[in-house]
Amino acid sequence: LCNDRGSALIHGCISCCFLSQNRPRSLATINKTIRLGLAGRGDSSICTCCVFAEINERQKAMPSPYVRATFWHLREASGACGLAAYLGRTVVRDARLKKRWDFRHRAGDVVHAEVIAPSSITAARSPAELAQLLDRTEAASLHKIEDRQRWPQVAVSLVVALPPDSEASLDDVVEIVRALVDRVVGDYDLICYLVVHDPSLKNPLDRNRHAHVLISLREMTPSGEFAGNKIRELLGRVRNLQGLHGPFGAFVEGIHWPDL
């Protein structure tokens with residue numbers, strides 16, 4: 001990660017962004033949260049405010065901060081149903097494709113799973129019901145399939161690296177991810193599916209504990225249906241622009257970034 005001038009690396013761990021007293025208070029995007037929330041700067045990889053790390057003279061290793069955000073699309077042979085089945089290591093019936101997505105053979109590493117719904121929603125949805133609704137909503141406006149160049153976006157998919165169990169409890173890392181989701185969603189009535197995978201349960205040498213988050217792009221009504229246009233300003237993006245002194249990278253967010 002780089003600072004605003006793009007010259008110095010920023011180091012730290014994800015926990016600092018959300019559990020530090022110096023965390024940013026009002027940020028619109030996940031990119032900006034991580035970029036501004038990390039405590040250590042310069043050449044040092046030591047995080048100065050991490051509440052989990054025990055740093056001594058012999059070992060000064062820190063978890064690598066990592067969050068990947070991608071848009072999940074509804075395609076001719078895939079959609080949210082397949083992703084939900086994979087994340088939950090379970091079975092999800094895909095009514096649109098008339099098939100069952102079955103990932104039970106990968107079970108054994110799911111340590112936490114929950115659907116985070118807006119407070120206005122009274123009827124809770126299961127992960128399978130959420131995935132089916134996401135696919136059904138986008139498929140309703142899909143008029144062309146053959147030779148299609150661009151497929152509709154179903155949701156935002158996040159992958160978040162988390163500290164291992166020796167540095168943070170399961171409750172701690174779940175709160176970290178919930179705080180991250182809260183920063184991304186903000187005041188929008190979006191629904192999310194959060195899953196934490198801990199591969200060390202299947203292989204003690206694999207310490208790659210991480211979380212997956214599936215975030216809807218449309219707001220959910222109190223009746224439990226998606227309505228309105230998609231929210232386009234959840235994530236910031238890096239744009240390659242041309243300036244007076246040559247090309248440069250710029251961090252932009254929102255839907256009116258050319259006017260900045």
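Partners of Arg104 under the salt bridge (charged side-chain N to carboxylate O under 4.0 Å, His left out) rule, at least two apart in sequence or in another chain, are Asp102. Residues passing the side chain to side chain donor-acceptor pair (under 3.5 Å) test with Ser223, sequence neighbours excluded: Thr221. With sequence neighbours excluded, no residue satisfies side chain to side chain donor-acceptor pair (under 3.5 Å) with Trp72. Residues passing the side chain to side chain donor-acceptor pair (under 3.5 Å) test with Lys230 are Glu138, sequence neighbours excluded.
Residue pairs meeting the ring-ring contact (aromatic ring centres under 6.0 Å, His included) criterion with at least one member in residues 116-137: none, sequence neighbours excluded. Within the structure, salt bridge (Lys or Arg N to Asp or Glu O under 4.0 Å) pairs that include any residue of residues 107-130 comprise Arg89-Asp109, Glu114-Arg178, Arg125-Glu225 (at least two apart or interchain).
Of the possible polar contacts, none joining the His112 side chain to the Val173 backbone as a donor-acceptor pair under 3.5 Å is found. The backbone N or O of Leu190 lies less than 3.5 Å from no partner atom in the side chain of Ser216, so there is not a single donor-acceptor pair. Although no hydrogens or angles enter the test, the distance criterion places no donor-acceptor pair under 3.5 Å between the side chain of Arg207 and the main chain of Pro164. Panel note: side chain Asp189, backbone Glu219; no donor-acceptor pair is recorded below 3.5 Å. A donor-acceptor pair is defined here as one N or O able to donate and one able to accept, closer than 3.5 Å; no such pair exists between the side chain of Arg218 and the backbone of Phe226. Side-chain N or O atoms of Arg96 include one that pairs as donor or acceptor with a backbone N or O of Ser78 at under 3.5 Å.
The two residues Val115 and Ser126 make their nearest non-hydrogen contact at CG2-C, 4.2 Å. Residues Leu158 and Ala69 approach most closely at CD2-CB, 3.5 Å, considering heavy atoms. What you find for Asp206 and Pro199 is that their closest heavy atoms are OD2-CB, 3.3 Å. Nearest heavy-atom pair across Leu194 and Val196 is CD2-CG2, 3.9 Å. Heavy-atom minimum distance, Tyr86 versus Arg106: CE1-NE, 3.5 Å.
Using bins of under 30°, 30° to 60° and over 60° for the plane-to-plane angle, the ring pair Phe103/Trp101 lands in the parallel bin.
Within the 4.5 Å cutoff, the side chain of Gln132 has heavy atoms near those of the Cys81 side chain.
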- request: Mind running side-chain contact (heavy atoms from CB on, under 4.5 Å) on Val159 and Val67 for me, showing each step along the way?
  value: CA-CA 6 Å; Val159 181; Val67 176; over 6 Å; no
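In this structure, a donor-acceptor pair under 3.5 Å is absent between the side chains of Asp171 and Ser169.
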